[in-house]
Q: 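Before I ask anything, let me first share the structure, which is written out below as structure tokens.
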Amino acid sequence: VIPGLQIRYGALGAAWHEGALHLVSLTNGNTQHSWWQDGQWTGPTTAAGLHCGLVPVIASDGQTLHLLTEMSGKKIGYSRWDGRAWSNTESIDGLGTNKALEMAIGDGTIHLVHCGKNSDAKRLWHASQSGWGWSSGGQILEQNSHIAPGLAVWEGALHQVHVGTSSKTLWHSFKTPWGEWSPRVQIPGAITSRRPTLVVANKRLYLFFTQGDLSMNQQAPVAYCVYEDGQWTAPEVIEGYVSYGKVQVAVQKGMLPEQFHLLLPVGNGGVLHLRSELELKMAPLKVQAKTIRR
């Protein structure tokens, strides 16, 4: 149990970093930070200098934990965790959104994909940072969405999965190392109205999402697919578990098979923490549940 944890609208970000599962959550405009290590939760504490209007997102490059937030004025803010404290939030010049964000790190580059703001709110934009400042961002042509996509770097390419602007079907595309985006391809049977999650584990690409066309604060079954031989498997529902928001997933490296940590927003502001191991072949999840309540 994390004393004092308050989750607003399922607003969570999660990442595995330096032997711990880190979680950031949104409470009354402030970003709360908690972490799980050796079977125990620490926090939450208010991350000083971090103010967020929408869902915070975190990712690790193995040495530093990076955080992106939506700031006042529809600006995008960037912070870093040095193991003891968060840096002050820096506004990323030239980038803005009035939607949630998504971030992935691979090959020394931080990737940000987000919806635009105002008249561009249903267009997807990509920006990156390799240690020398953020790129100015560029539109991903012919791939629009009303919510941020799932994002992951796998086998040298940046992959994204997003919903359409009018339908709730999920689409997959990827950006090659040469900078071109592939045409989007529909994922059969995958339908959601919430942000999906992409993660890499056991040298494979996994997609997690809440299955169905949902309204806010409505529970839904949790499903996942695996990308194999250039195609997605049919959605597999994790029996007995539902979520009231986006399914957050962090992968614990250094284990065989690598272990998944799922964080599911549940009723009354609580969060369900699942630890699971997926077989190398497609199989239902075996989970151990732990409830985190406010």
Side-chain angles (χ1 to χ4, degrees), residues 2 5 7 10-26 31-47 50 52 54-70 76-87 89 100-114 128-129 148-154 158-161 195-202 205-209 224 243 245-255 258-265 271-276 278 290 292:
I2 303 179
L5 182 66
I7 302 301
L12 293 171
W16 190 265
H17 176 69
E18 293 188 339
L21 172 62
H22 290 259
L23 182 152
V24 289
S25 58
L26 178 61
T31 304
Q32 302 287 313
H33 178 211
S34 312
W35 59 92
W36 181 86
Q37 191 170 26
D38 299 328
Q40 294 183 337
W41 282 97
T42 300
T45 59
T46 299
L50 302 181
C52 179
L54 292 172
V55 180
V57 57
I58 55 175
S60 172
D61 60 11
Q63 297 179 336
T64 303
L65 190 62
H66 303 265
L67 182 145
L68 293 171
T69 59
E70 184 268 343
I76 296 175
Y78 170 59
S79 308
R80 295 166 299 278
W81 168 258
D82 63 5
R84 295 176 299 175
W86 289 97
S87 67
T89 305
L101 311 166
E102 193 56 81
M103 173 172 50
I105 300 178
D107 301 323
T109 299
I110 305 172
H111 295 276
L112 161 65
V113 173
H114 63 93
S128 62
Q129 194 247 74
L151 207 64
V153 177
W154 181 64
L158 177 64
H159 291 256
Q160 71 161 347
V161 170
R195 294 185 299 130
T197 297
L198 277 180
V199 293
V200 176
N202 304 317
L205 186 63
Y206 291 83
L207 166 66
F208 290 84
F209 58 99
Y224 71 106
S243 177
K246 177 189 176 183
V247 181
Q248 290 289 347
V249 184
V251 177
Q252 183 177 356
K253 304 294 185 179
M255 305 180 67
E258 291 173 332
Q259 191 171 72
F260 292 76
H261 289 255
L262 279 69
L263 294 158
L264 311 180
V271 177
L272 187 65
H273 175 204
L274 307 179
R275 288 176 286 158
S276 62
L278 287 173
K290 189 173 192 176
I292 308 165

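Keep in mind it's a predicted model, so treat the numbers as computed, not measured.
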Q: For the NE2 atom of His159 and the CG atom of Leu151, what is their distance to the nearest 0.5 Å?
A: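 That separation rounds to 10.0 Å.
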
Q: Just to verify, what does Val200 make a side chain to side chain contact (heavy atoms under 4.5 Å, CB included) with, not counting sequence neighbours?
A: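 For Val200, the residues satisfying side chain to side chain contact (heavy atoms under 4.5 Å, CB included) (neighbours in sequence not counted) are Ala152, Trp154, Leu205.
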
Q: Taking atom CE of Met103 and atom CD1 of Ile76, what is their separation to the nearest 0.5 Å?
A: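 That separation rounds to 11.0 Å.
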
Q: Taking all non-hydrogen atoms of both residues, which atom of Ile105 and which atom of Ser60 are closest, and how far apart?
A: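 Shortest heavy-atom separation between Ile105 and Ser60 comes out as CD1-C, 3.7 Å.
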
Q: List the atom of Thr89, the atom of Gly77, and the distance in Å for their closest heavy-atom pair.
A: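 Heavy-atom minimum between the residues: CG2-CA, 3.5 Å.
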
Q: Less than 4.5 Å apart, side chain to side chain, heavy atoms only: is that true for Ser79 and Thr69?
A: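 The answer is no, as the side chains (C-beta and beyond) never meet within the 4.5 Å cut-off.
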
Q: What heavy-atom pair brings Ala15 and Ile58 nearest, and what distance separates the two atoms?
A: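 Heavy-atom minimum between the residues: N-CD1, 3.7 Å.
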
Q: Would you check if the side chain of Glu258 reaches a backbone N or O of Asn202 as a donor-acceptor pair within less than 3.5 Å?
A: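 Between the backbone of Asn202 and the side chain of Glu258 there is a qualifying donor-acceptor contact (under 3.5 Å).
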
Q: Looking at CD of Gln32 and CG of Leu23, how far apart are the two atoms once the value is rounded to the nearest 0.5 Å?
A: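 If I round to the nearest 0.5 Å, the distance is 10.5 Å.
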
Q: Please step through ring-ring contact (aromatic ring centres under 6.0 Å, His included) for the pair His33 and Trp81, ending with a clear verdict.
A: CA-CA 10 Å; His33 178 211; Trp81 168 258; 4.7 Å; yes

Q: Donor-acceptor check, side chain of Ser243 to backbone of Leu264, threshold 3.5 angstrom: yes or no?
A: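 Absent.
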
Q: Hey, mind stepping through Leu274 and Phe260 against side chain to side chain contact (heavy atoms under 4.5 Å, CB included) and telling me if it holds?
A: CA-CA 8 Å; Leu274 307 179; Phe260 292 76; over 6 Å; no

Q: Where is the tightest heavy-atom contact between Pro196 and Leu207, given as atom of each residue plus distance?
A: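 Looks like CB-CD1, 3.7 Å.
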
Q: Are the side chains of Tyr224 and Thr197 in contact, using a 4.5 Å heavy-atom criterion?
A: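 The answer is no; the side chains never approach within 4.5 Å.
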
Q: Give, for atom CD of Gln63 and atom CZ of Arg80, the distance between the pair rounded to the nearest 0.5 Å.
A: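 One gets 13.5 Å once the value is rounded to the nearest 0.5 Å.
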
Q: Where does the angle between the aromatic ring planes of His66 and Tyr78 fall among parallel (under 30°), tilted (30 to 60°) and perpendicular (over 60°)?
A: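 The rings of His66 and Tyr78 lie parallel, inter-plane angle below 30°.
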
Q: Could you give the side-chain donor-acceptor pairs of residues 106-114 under 3.5 Å, partners two or more places apart or in another chain?
A:
from	atom 1	to	atom 2	distance (Å)
Thr109	OG1	Ser130	OG	3.0
His111	ND1	His126	NE2	3.0

Q: Quick one: CD on Gln248 to NE2 on His273, what's the gap to the nearest 0.5 Å?
A: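 Answer for the CD-NE2 pair, Gln248 versus His273, is 12.5 Å.
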
Q: Residues in side chain to side chain contact (heavy atoms under 4.5 Å, CB included) with Gln252, at least two apart?
A: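 Here the qualifying residues are Trp16, Met255, Gln259, His261.
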
Q: Looking at Ala14 and Leu263, what are the two nearest heavy atoms and their distance?
A: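 Taking every non-hydrogen atom into account, CB-CD1, 3.4 Å.
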
Q: Any side-chain heavy atom of Trp86 sitting closer than 4.5 Å to one from Leu65?
A: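 A side-chain contact exists here, since the closest heavy-atom pair is under 4.5 Å.
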
